[in-house]
Student: 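Starting off with a structure, shown below.
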Amino acid sequence: MFVHVPSSTNNGAVQPASGPVTEAVLATNFRLITDVHQLAQVLNSALLLDLAENPTHQDKPISAKLLNYYAYHKKETRYRTFQIPKRTRGEVRTIKAPDRGLLRLQRLLLSCLTAAFTGNHPASHGFVPGRSILTNAQPHAGHRFVLNLDLRDFFPSTSIGRVIAVLQLPPFGLVKEVAYLIANLCCDQGCLPQGAPTSPLLTNVVCQRLDRRLQQLAIRHRCTYTRYADDLTFSSNRPVFRDRFHQELNTIIAEEGYQQNQQKQRLQTPEFRQEVTGVVINERPNVPREYVRQIRAMLHNWETKGYETAAATLREKYTISKAKARHKGQVPKIERVLAGKIAYLGMIRGKNDALFLELSMKLMQVMKKQKL
């Protein structure tokens with residue numbers, strides 16, 4: 001029996017039947033779903049939580065008819081496909097963005113899945129609450145040998161069959177009918193689409209066994225392992241990354257349904273800059289020197305040539321940057337770009353770091369001088 005079932009008012013707005021909706025209640029009810037009607041009820045509970053945090057969001061209740069429509073009938077036009085540049089020059093990443101209706105359903109499903117999923121592996125750091133690129137890089141800091149790997153076509157390689165299977169296992173334990181329904185709402189053309197809000201969490205669920213096996217591999221070879229989405233990192237102070245290690249590694253990856261992108265494999269040694277998910281880790285977590293030089297150059301340009309000239313320079317460089325795709329071609333204000341870059345530096349080096357404090361003060365001085 002559900003702990004809490006929402007109802008709707010005469011005007012269609014969702015209302016709680018009794019008591020507050022909490023993540024614990026949401027998780028309990030999600031695991032008890034047996035059909036599409038109960039899924040609709042639980043998603044409406046998730047909607048109550050969403051409306052409490054985002055009052056401007058649409059409060060129209062979810063119906064079983066709508067769920068079946070998106071799961072089984074509206075197939076061809078559910079996603080808009082486009083490409084964005086990868087960090088590797090010349091390569092692109094294919095993104096499938098769900099339409100507004102499906103995006104709303106997936107966001108509510110994500111709330112339910114997040115509440116119910118308690119099994120994130122310690123080595124998994126991507127899209128995990130409380131973890132980040134920094135926590136992914138920290139275990140490797142100061143190690144002599146750092147091996148970076150990349151899984152090819154990570155999201156498309158995660159099949160709908162595997163999603164259905166893991167949804168029937170703990171901590172979800174859903175009946176097959178409901179697992180199949182949710183997988184259809186989250187997958188496209190038989191796999192997880194990169195661009196759906198549910199895809200990152202579901203890949204973490206599917207990759208639990210991969211993480212366990214790679215962690216065991218790391219223990220056997222006396223090294224450290226972490227994963228951030230499709231980026232795998234091993235590190236050690238001993239030269240352990242030899243033929244035997246790679247043979248075992250490739251066998252595990254293949255048995256788990258993935259392939260390594262051999263062109264992106266890198267073995268980094270302390271004589272050169274070592275990076276993990278963009279964080280420099282030769283001695284302690286740090287940002288690349290070019291990153292700091294860029295911040296200083298932007299501040300200097302703004303201070304000496306004025307706001308309009310500095311903003312124009314930013315717009316010019318933005319047209320060839322990856323950030324252009326993230327912001328849909330719109331260039332944010334230079335003060336916001338600088339504040340974001342300095343905040344990132346503070347996250348990596350620490351809020352008490354002298355360089356972070358220096359650049360933060362410099363930005364405040366320049367903004368005050370320009371009366372922003």
Side-chain angles (χ1 to χ4, degrees), residues 26-27 29-36 38-40 42-43 46 62 66-76 78-79 81 93-99 101-121 124 126-129 151-214 227-230 252-259:
L26 196 62
N29 288 348
F30 185 73
R31 298 185 181 107
L32 296 173
I33 296 170
T34 59
D35 58 38
V36 65
Q38 290 183 349
L39 177 59
V42 172
L43 290 184
I62 307 300
L66 181 68
L67 293 174
N68 281 326
Y69 173 66
Y70 271 104
Y72 303 115
H73 302 293
K74 194 176 188 295
K75 289 287 189 180
E76 298 300 325
R78 295 191 304 171
Y79 293 89
T81 303
R93 192 183 306 278
T94 299
I95 303 296
K96 288 187 173 182
D99 72 18
L102 181 58
L103 177 62
R104 181 169 177 252
L105 294 179
Q106 288 176 344
R107 282 175 173 166
L108 296 176
L109 277 169
L110 179 60
S111 296
C112 297
L113 291 165
T114 301
F117 183 46
T118 57
N120 277 302
H121 192 276
S124 175
F127 315 106
V128 177
L151 298 181
R152 186 190 302 275
D153 300 326
F154 183 55
F155 289 97
S157 296
T158 308
S159 68
I160 186 172
R162 301 188 70 188
V163 174
I164 294 171
V166 295
L167 287 175
Q168 295 176 75
L169 299 174
F172 304 112
L174 299 174
V175 299
K176 186 174 182 179
E177 175 189 348
V178 175
Y180 188 80
L181 172 64
I182 292 174
N184 267 280
L185 289 167
C186 297
C187 293
D188 183 58
Q189 297 181 335
C191 62
L192 288 175
Q194 183 161 3
T198 44
S199 291
L201 182 140
L202 287 173
T203 54
N204 280 343
V205 177
V206 170
C207 285
Q208 288 179 97
R209 189 171 65 183
L210 172 69
D211 287 330
R212 287 195 297 268
R213 296 184 68 184
L214 292 181
R227 179 179 63 84
Y228 192 95
D230 57 351
I252 293 171
I253 290 175
E255 289 177 350
E256 293 300 321
Y258 296 102
Q259 290 184 337

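Bear in mind that the values here come from a model prediction, so they are computed numbers and not experimental data.
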Student: Tell me every residue that passes side chain to side chain contact (heavy atoms under 4.5 Å, CB included) with L169, counting only those two or more places apart in sequence or in another chain.
Tutor: none

Student: Got a second to check how far L201's CG is from C112's SG, nearest 0.5 Å?
Tutor: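 Here the interatomic distance stands at 11.5 Å.
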
Student: Would the distance check show the side chain of T203 and the main-chain N or O of P200 forming a donor-acceptor pair, the cut-off being under 3.5 Å?
Tutor: yes

Student: Please answer whether the main-chain N or O of G173 pairs with a side-chain N or O of R31 as donor and acceptor at a distance below 3.5 Å.
Tutor: no

Student: Given P98, which of P197, C186, P193 fulfils the side-chain contact (heavy atoms from CB on, under 4.5 Å) condition?
Tutor: P197

Student: Would you compute the distance between atom CG of L151 and atom OG of S157 and round it to the nearest 0.5 angstrom?
Tutor: 8.0 Å

Student: Could you tell me whether Q259 atom CD has more than 12 heavy atoms of other residues or ligands within 6.0 Å of it?
Tutor: no

Student: According to the side-chain hydrogen bond (donor to acceptor under 3.5 Å, both in side chains) rule, which pairs have a member within residues 174-186, sequence neighbours left out?
Tutor: K75-N184

Student: Applying side chain to side chain contact (heavy atoms under 4.5 Å, CB included), name anything that partners C187, two or more places apart in sequence or on another chain.
Tutor: I160, V163, L192

Student: Does N68 form a side-chain contact (heavy atoms from CB on, under 4.5 Å) with L181? I'd like the steps, not just the answer.
Tutor: CA-CA 8 Å; N68 281 326; L181 172 64; 4.2 Å; yes

Student: Let me confirm one number: the OG1-CZ distance from T114 to F30, rounded to the nearest 0.5 Å.
Tutor: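 Reported to 0.5 Å precision, the distance equals 10.0 Å.
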
Student: For R162, is the CZ atom crowded, meaning more than 12 foreign heavy atoms sit under 6.0 Å from it?
Tutor: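 Count over threshold, so yes.
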
Student: Can you list everything that forms a ring pair (Phe, Tyr, Trp, His ring centres under 6.0 Å) with Y79? Sequence neighbours excluded, please.
Tutor: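 Ring pair (Phe, Tyr, Trp, His ring centres under 6.0 Å) list for Y79, sorted by chain: empty.
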
Student: Give a yes or no on whether the backbone of Q194 and the side-chain of S199 come within a donor-acceptor separation of less than 3.5 Å.
Tutor: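 No, S199 side chain to Q194 backbone: no donor-acceptor pair under 3.5 Å.
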
Student: Return the set of residues passing side-chain hydrogen bond (donor to acceptor under 3.5 Å, both in side chains) with R227 (not counting sequence neighbours), or none when no residue passes.
Tutor: S124, N204, D211

Student: Test your reading of the model: is there a side-chain donor-acceptor pair from E255 to the backbone of I252, 3.5 Å cut-off?
Tutor: no

Student: Salt bridge check, E256 against R212: does any charged N sit closer than 4.0 Å to a carboxylate O?
Tutor: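 Between E256 and R212 there is no salt bridge, as every charged N stays at least 4.0 Å from the carboxylate O atoms.
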
Student: Under 6.0 Å from the OH atom of Y69, do we count more than 12 heavy atoms belonging to anything else shown?
Tutor: no

Student: Taking only residues two or more places apart in sequence, or in another chain, which ones meet R78 in a salt bridge (charged side-chain N to carboxylate O under 4.0 Å, His left out)?
Tutor: D188

Student: Roughly how far apart are L102 CG and T198 OG1, rounded to 0.5 Å?
Tutor: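 If I round to the nearest 0.5 Å, the distance is 8.0 Å.
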
Student: Can you say whether the rings of F117 and F172 are parallel (under 30°), tilted (30 to 60°) or perpendicular (over 60°)?
Tutor: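 If you compare the ring of F117 with that of F172, the planes turn out parallel.
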
